[in-house]
Amino acid sequence: MKELKLMKGNEALAEAAIRAGCDAYFGYPITPQSEVLEYLSREAENRTGMVILQAESEVASINMVYGAAGTGKKVMTSSSSPGVSLMQEGISYIACAELPCLLVNVNRGGPGLGTIQPSQGDYFQTVKGGGHGDYKLIVLAPSTVQEMADFVDEGFELAFKYRNPVMILSDGALGQMMEKVELQAQKERVTMPGLDAWATIGKPVNRDHNVITSLHIQPDKMEEINIHLQKKYRTIEENEIRVEMINCDDAEYIITAYGLVARICTKAAELARDKGIKVGVIRPITLFPFPINEIAEAAGKVKGILDVEMNAGQMVEDVRLSVNGKVPVEFYGRMGGIVPTPEEILEAFEEKLLGGAK
Amino acid sequence: MNEKTMLDDDHYENVIREESVCTSENLVYERPETLLDTPLHYCPGCGHGVVHRIIAEVVDELGIQEETIGVAPVGCAVFAYNYLNIDMSEAAHGRASAVATGIKRVLPEKYVFSYQGDGDLAAIGTGETIHTCNRGENLLIIFINNGIYGMTGGQMAPTTLPGMKSTTSPFGRDVKSMGAPLKITDLVAQLPGTYYVTRQSVHKPANVRKTKKAILKGFQFQKENKGTCFVEVVSNCPSNWKMTPLESNKFLEDQMLPFYPLGDLKNPERKEK
């Protein structure tokens, strides 16, 4: 039975975790995402018996996730930018050991302690690695409170399908703002199939012991592991791209943006159409895998592209790689916790792609 | 190629079997089921192998091989999972008790232990150690203290004795600038979450037996859901102490044990008596 509620993004995500049959959450308070831990502490244990533990640090919580994910349970953590920085070592281990789990970053403005206001400054950290070594997270970027909720279950599905950590990359505004959200029915907490092949659940007499590790001292073995991981990432690229194309069919120009900014850009594109300029919006929903072909194809039909982000220009590098010089790709960004308005985006678009206001 | 290597692989085993006085009737010592038949990588005289064997014996005796999950550290014992025939997880440096917490919280019916060295547990992982013990996580922490970083080649550890030489305290540990050795076992014994805290050694057979008893208790208390059990094993490092195994055991007895005295720091069974 589906249920309609008015909820904060962080609370919708926490509620969705309970309903997705999540087994455990380990986390540490940090603004602007503390509601996740608070909501779960209040709601989860009584309803499903889900384990909720406030750790002593983000370093501890990501390693608790590593341990618990190694048992094949549905495990998650959430944090915001500085806290996610602390988790990077653990995330690298989790990626190498191929442990399914769900991570959430409610991105705030940096660098440093920065601000508690929304930002997209962690795109590089999330999509390009963050921790050491060659690894990839599957990255889902919600743009609504509804997607904050929906991507929890979808994230767990992907995590277990590929035995890979999945990151929901949100931001401080999505975490804090309230919208209506349709919640899915409660799923049972279940034991996932096939755990005897890899998980640390206790060794029956008739099977070899399972070891979860990211240590392979012999270089040929370590290269083998890397080749295996890269092969998996290619499969993910082939099968899991999600992208929203908004009014792109007749577009003469494209704005690319993800998350909350894509909604603001959609409004900016409407304002442009009111002035007779045909602008479409491409919103990558998965940041890895990135919709390279979709953007490349669209680039062949338009005169120029504006990429808009709440950072100094991060996803724009991937957009430019996708476009590969076919048309100009300009960038407009605000930093430090400032959210751009549709009007200023339109102005930037006109200035950068039309040579001034039309 | 000489004649020996050309012999059948089973040759020596056959000779041993034929000529040995060992028969199934008089066998008193053999490899525990939980110890894999893999040659240990530890240096001659090192205590790690002895503690590994003790864990394997205890797991066998309690019949809990199927229900036990171990967590290996970063340090010399990083390959503990190559020797112990149980499901095991490797942890990042210092995080073994957090990893063990994650496992135990979602599988509360299983036996969970971490196996950590002094650098892992008492330097980079101090925060995790203190908070795991303070929450009283129902698991066993086995702490090997040899006062040195073994795997990285003999650097100063948090537990290196005052005046003791290492590659990063080449003139001896100067407590004024390098800090005094951290008696972390004394520290965790003060926390309400720990139930049983003891310091043992494996440098003599009598001590090996005591350490085995301590680890056995640690698992038994875990079954009774008593909280964190913490077993320190004061051990040696002949290679990085630059001593023979015998010299290292003498150093352990003469220098380490006066600073890290053996015995229970917290034993509820004693109190109850």
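When reading the values below, keep in mind they use all heavy atoms of this one structure, side chains included, and skip hydrogens, waters and symmetry mates. Proteins come first, then strands; the chains are lettered A, B, ... in the order of their sequence lines, and each starts at number 1. Just so you know, these numbers come straight off a predicted model, no measurement behind them.
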Portion of A:V205 that has a non-hydrogen atom of chain B nearer than 4.5 angstrom:
both

Shortest non-hydrogen contact between A:K73 and B:V106, atoms and distance:
CE-O, 3.6 Å

Highest number of heavy-atom pairs under 4.5 Å with chain A: which of B:M88, B:K110, B:K104?
B:M88

In this structure, are over 12 heavy atoms from other groups packed under 6.0 Å from A:K128 atom NZ?
yes

Could you state the interatomic distance from CD (B:E90) to NE2 (A:H216), rounded to the nearest 0.5 Å?
10.0 Å

Does a side-chain N-to-carboxylate-O contact under 4.0 Å join A:D23 and B:R105?
no

Do any N or O atoms from the side chain of A:H209 and from the backbone of B:I86 form a donor-acceptor pair under 3.5 angstrom?
yes

Crowding at CG, A:D134 (>12 non-hydrogen neighbours, <6.0 Å):
no

Heavy atoms of other groups near A:D220 CG, more than 12 under 6.0 Å
yes

CD1 (B:I103) and OH (A:Y66) are apart, to the nearest 0.5 Å, by 8.5 Å

Counting heavy-atom pairs under 4.5 Å with chain B, the top scorer among A:P204, A:G202, A:A55 is A:G202

Between B:E128 and A:E56, what is the shortest heavy-atom contact and its length?
CA-OE2, 3.2 Å

Look at atom CD of B:E109 and say whether more than 12 heavy atoms of other residues, nucleotides or ligands are closer to it than 6.0 Å.
no

In this structure, are over 12 heavy atoms from other groups packed under 6.0 Å from B:K183 atom NZ?
yes

Please report the interatomic distance OG1(A:T71) to CG(B:L107), rounded to the nearest 0.5 Å.
4.5 Å

Interchain contact, A:V59 with chain B, by part (heavy-atom threshold 4.5 Å)
both

How long is the span from the CE atom in A:M64 to the OG1 atom in B:T101, to the nearest 0.5 Å?
4.5 Å

Answer yes or no: are there more than 12 heavy-atom neighbours, outside A:E45 itself, under 6.0 Å from its atom CD?
no

Can you tell me if CD on A:Q230 sees more than 12 non-hydrogen neighbours from other groups inside 6.0 Å?
yes

What part of A:I201 is in contact with chain B, defined as an atom under 4.5 angstrom from a non-hydrogen atom: side chain, backbone, both or neither?
both

Checking side-chain contact (heavy atoms from CB on, under 4.5 Å) between B:I69 and each of A:T200, A:I212, A:N210, which is the one that passes?
A:T200

Between B:L36 and chain A, which part of the residue has a heavy atom less than 4.5 Å away: side chain, backbone, both or neither?
side chain

Indicate yes or no: does A:K203 engage B:E67 in a salt bridge with an N to O separation below 4.0 Å.
no

Close side-chain approach of A:V211 to B:D87, heavy-atom, < 4.5 Å
no

Between B:Y111 and chain A, with a heavy-atom cut-off of 4.5 Å, which part of the residue counts as in contact: side chain, backbone, both or neither?
neither

Can you give me the closest heavy-atom contact between A:A60 and B:A98, atom names plus distance?
O-CB, 3.8 Å

Could you measure the distance from the CG atom of A:L99 to the OG atom of B:S89? Nearest 0.5 Å is fine.
7.5 Å

Contacting region of A:A199 [heavy-atom separation from chain B under 4.5 Å]
backbone

